[in-house]
Amino acid sequence: MADPSSYRPRPGEIPDSPGVYRFRDEHRRVIYVGKAKSLRQRLANYFQDLANLHPRTRTMVTTAASVEWTVVSTEVEALQLEYSWIKEYDPRFNVKYRDDKSYPYLAVTMNEEFPRVQVMRGHKKKGVRYFGPYAHAWAIRDTVDLLLRVFPVRTCSTGVFKNAARTGRPCLLGYIGKCSAPCVGRIGPEDHRELAEEFCDFMAGRTGTYLRRLEKQMMEAAEEMEYERAARLRDDIEALKKAMEKNAVVLADATDADLVAVAEDELEAAVQIFHVRGGRVRGQRGWVTDKVEEITTGALVEHALQQLYGEETGDAVPKEVLVPALPEPVEPVQEWLTGRRGSNVSLRIPQRGDKKALMETVQRNAQQALALHKTKRASDLTTRSRALEEIAEALDLDSAPLRIECYDISHLQGDDVVASMVVFEDGLQRKSEYRRFQIKGFAGQDDVRSMHEVITRRFKRYLAEKERTGEWTEDSEDVLGDGDGALTGPDAAVNSLKDDDGRPRKFAYPPQLVVVDGGRPQVAAARRALDELGIDDIAVCGLAKRLEEVWLPGDDDPVVLPRTSEGLYLLQRVRDEAHRFAITYQRTKRAKRFRAGPLDEVPGLGDTRKQALIKHFGSVKKLRSATIEQIQEVPGIGRKTAETVAAALAQAAPAAPAVNTATGEIIEDEEPDTTAGASREPVTAGLPDERRGQET
C-alpha cells in the first residue's frame, strides 16, 4: 500500500487549467481516469489527510503509485479525452456500466445494391440505417414479419441471395409475397431501394402517408369490384396498424428523445434508457454498475451519456435528452452532445406533463432492474455462503452466522419512537420472524438508550423461553421418553420451540450475530444489554451508514470490509431491510396518531361500534351533546358503554378545527370525523417539510 505523499507533485507543478489526469499503480497500469476544470484544485483533493477521504477514494490513492495529467483547451475536450482513455485503459476504479447483453437493432443495409433488413448487434456500420435498440431479437422479427406484407424488402443473407440468383428460383418468402425477389429480377435495384426507403420512413414514424395511400387503393379496388385485391390491401393495413400498436404513442408531439433514469444505493447503480422516436418508445436498454468511486447522481448520468453516445453521431443522438439529475457543470456535456449530433441538443430534467410521467416509468424500470440484480445476486447459494464466511472471518467468529438479527431505531424528532428486528437465515429474509417494538422505558430521542431497551426486551424473552423449555443448552441431558410415545432427544428440543398449534414461538431462536444500525455507541449499548443478561455467546456488530464501517464492541477502530466484499453486501441488505421495516412502522404509527379522535380513548370500544356511533350521530360534536339515553339507541351500545363514552367525551378537549386545503377556510360547524377515515387534514398538513421534521 503506497503513501500518497510519496508521489504527490510538488507545489506549482500542476497547472490551473482544464485537463485529464491518470493514476497509475506500481506496475504502470492505469487504475483511474478523471477530468477537471482545474487540474490543480481537483488533484489537491486527493492529497489530503487520508482520514478525510471517502473509503473508496482512500483505497484508490493508496493503490496508486504515480499520477500524470494532460492539459486541454476546453472542458469539452477534457470530456472527450476522458471517454477515450476510459475505453482504452479500462481503469478498475472508474464507473463502468456492465451491459447485461448486446442489444439488437433493426438494421437496413442502405450501403448495398439491394438493401437488406436484418437484426444487427455490436458496433454500428457506416451507411446502415438503425432502429432500436430492442429488448429482444424476437420483437424485431415480429415487427419485420408484419411489415414485409407491405414493404417486401430483401431479408436473406448474401449466400442465399447469390444462390437464388444462380438457380433462378427465389426463396420461400418470394413465393408467398413477403419478398419482392430482386435476386431473380422481379424488381430492379432502383425500385427495390425505393421500397427500402419507404420501409425506413415507416419505421422512423412517418406512418400516416402509407396508411392513407393503402386505404385509397383499397377503396379504388372495391369500386372496381377487384375484391381479392381490396381484401389483400385491407390485410396490409391491419398489419401496419398492428405493427404500430407494438410501439404505442407516449408523447403526442412526435418527439425524438432519450430518457435516462438512475436507481442507486451505496454500492451499485442501475441505469435505464427509453429511446423515443416519433413520439413512440422504439427501444429500451439498461446497465448495472458498481460504484467504485464516490460519485453523485449527476456524475452517474454523465458517465451513462458517455457510454450511450460516445461512438454515435448524427440522428443517433436525439434532439432531446431527459435525465433525473444534471451533470455538474452541464454546459460541457451539452456542448459535447451537440457536437456528436451536429445540431443543438437539449439536456434537461422534465418538470411536468407527459415527459415527466414517462420519466417516472423509466425510473420504476431502473429500480426494478436494480432490485432484480440484487435478488439474483442474493439468491445464489454459492454467493450467500461466501458472504457468510467473509463475515465470520472479518468479525473473528467461530462459525458462519447462519441466523442474523438486525435492529434499527426510527422516530420523528423524538416522537413515535419505534424499533425493528429483521431476521436473515442462510443469507435470506425470514419475514415471518420480523418483530416491531414501541419504546416504552422513556420519552424523547435517545437512540443509544432505545437500542439498549430493545435488545434487553428481546433477549429477556429468549431467556424466558430457554428457561421454560430448556432447549439449546449443550450440557442438558436428553429428554427421556415416559413410555407413552413422548418425543425424546433432539426431536423433543425442536418440538419445545413450537406452540401447541405447531408454529414457532416468538423469540425462541437465538441468533449467532446481532447487527445494529449505527456506530460505536449503539454497538456498546447492545453489548451492554447482552452482558447484563449474562449472554456471552452471541456476537454483536454495528454498520455505520456514512462510511459503511463495521464496528465491534470495545474496538477503537472499525473493520473496513472491501467494497467488493459479498459479506459487506449482505450486511448492507440486512441493515437496509431493518431500516425499511422500522420507518414503515413509524410512519404507520404517526399516521394513526394524526387520525386519532376522542373515541379512541374509550376503553373497550372497537372500530365497529365507533363507526356505528359516528354513522348514527353524524359527527363527534353531535355525539358529545347527546344524552346517555340517546347514545344507548345505537345498536350494540349498552348503558355502561354509553356512560363510558359520555364521560370520555366530556373530559376530552374539543378537536382543532379542520381546514379546507383547497381554500384555506377553517371549518367550524362540525368537528372532523377522524374516526371514520374522513379526508380533512390537520392544520399542520400544509407546513413545509422542515417544519414537520425529518424522519430518522
Side-chain angles (χ1 to χ4, degrees), residues 102-158 160-161 173 178-183 187-211 213 236 239-240 243-244 246-247 249 251 254-258 273-285 308-321 337 339-343 345:
S102 176
Y103 285 87
Y105 286 81
L106 171 57
V108 184
T109 58
M110 302 302 293
N111 56 351
E112 298 183 11
E113 181 183 9
F114 295 101
R116 174 191 175 194
V117 176
Q118 64 182 112
V119 177
M120 293 188 76
R121 299 176 185 265
H123 295 291
K124 295 185 177 180
K125 300 177 182 179
K126 189 176 181 180
V128 179
R129 294 283 302 275
Y130 291 91
F131 303 95
Y134 287 76
H136 304 283
W138 55 260
I140 301 178
R141 297 189 180 98
D142 285 352
T143 301
V144 170
D145 186 61
L146 292 169
L147 295 180
L148 288 180
R149 289 183 55 91
V150 186
F151 309 106
V153 187
R154 168 197 164 203
T155 57
C156 59
S157 65
T158 303
V160 172
F161 185 87
L173 293 180
K178 288 193 173 182
C179 179
S180 55
C183 54
I187 187 173
E190 295 78 11
D191 292 337
H192 187 270
R193 179 169 292 276
E194 183 179 351
L195 199 62
E197 291 283 0
E198 292 178 349
F199 180 93
C200 293
D201 287 344
F202 186 88
M203 288 300 302
R206 294 181 282 275
T207 58
T209 302
Y210 300 101
L211 287 175
R213 187 178 70 186
D236 290 347
L240 289 182
M244 292 167 60
K246 288 179 175 291
N247 298 299
V249 175
L251 300 177
T255 301
D256 289 347
D258 284 350
I273 302 103
F274 274 25
H275 301 275
V276 178
R277 299 294 182 269
R280 303 173 184 272
V281 177
R282 297 293 184 182
Q284 173 189 357
R285 64 194 305 183
L308 191 59
Y309 304 117
E311 306 194 7
E312 303 289 357
T313 56
D315 292 340
V317 182
K319 297 178 182 178
E320 197 171 5
V321 179
L337 290 174
R340 305 298 301 178
R341 176 177 170 81
S343 60
V345 175

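- By the side chain to side chain contact (heavy atoms under 4.5 Å, CB included) test, Arg341 pairs with Asp315, Val317, Lys319, Ser343, Val345, sequence neighbours left out.
- Scanning all heavy atoms of the two residues, the minimum distance from Arg116 to Thr109 falls at N-OG1, 2.8 Å.
- The two atoms that bring Met110 and Cys200 nearest to each other are SD-SG, 4.3 Å, heavy atoms only.
- Counting heavy atoms from C-beta outward, Val153 and His192 have side chains that approach closer than 4.5 Å.
- Using a 4.5 Å heavy-atom threshold, the side chains of Asn111 and Lys126 count as separate.
- Proximity of Arg154 to Val160: side-chain heavy atoms (C-beta onward) are nowhere separated by under 4.5 Å.
- Remark: the backbone N or O of Glu112 is paired with a side-chain donor or acceptor of Arg193 at under 3.5 angstrom.
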**Item:** Check against side-chain contact (heavy atoms from CB on, under 4.5 Å), Ile187 and Glu194
**Value:** CA-CA 11 Å; Ile187 187 173; Glu194 183 179 351; over 6 Å; no
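- Minimum interatomic distance between Gly188 and Phe114 (heavy atoms only, all atoms of both residues): C-CE2, 4.2 Å.
- Using a 4.5 Å heavy-atom cutoff, the side chains of Pro318 and Tyr309 are in contact.
- Counting only heavy atoms from C-beta outward, the side chains of Thr155 and Cys179 never approach each other to under 4.5 Å.
- The closest side-chain heavy-atom distance from Glu197 to Pro115 is not below 4.5 Å.
- Distance alone, capped at 3.5 Å, is enough to place a donor-acceptor pair between the Tyr130 side chain and the Lys125 backbone.
- Using cut-offs of 30° and 60° for the angle between ring planes, the Phe151 and Phe199 rings count as perpendicular.
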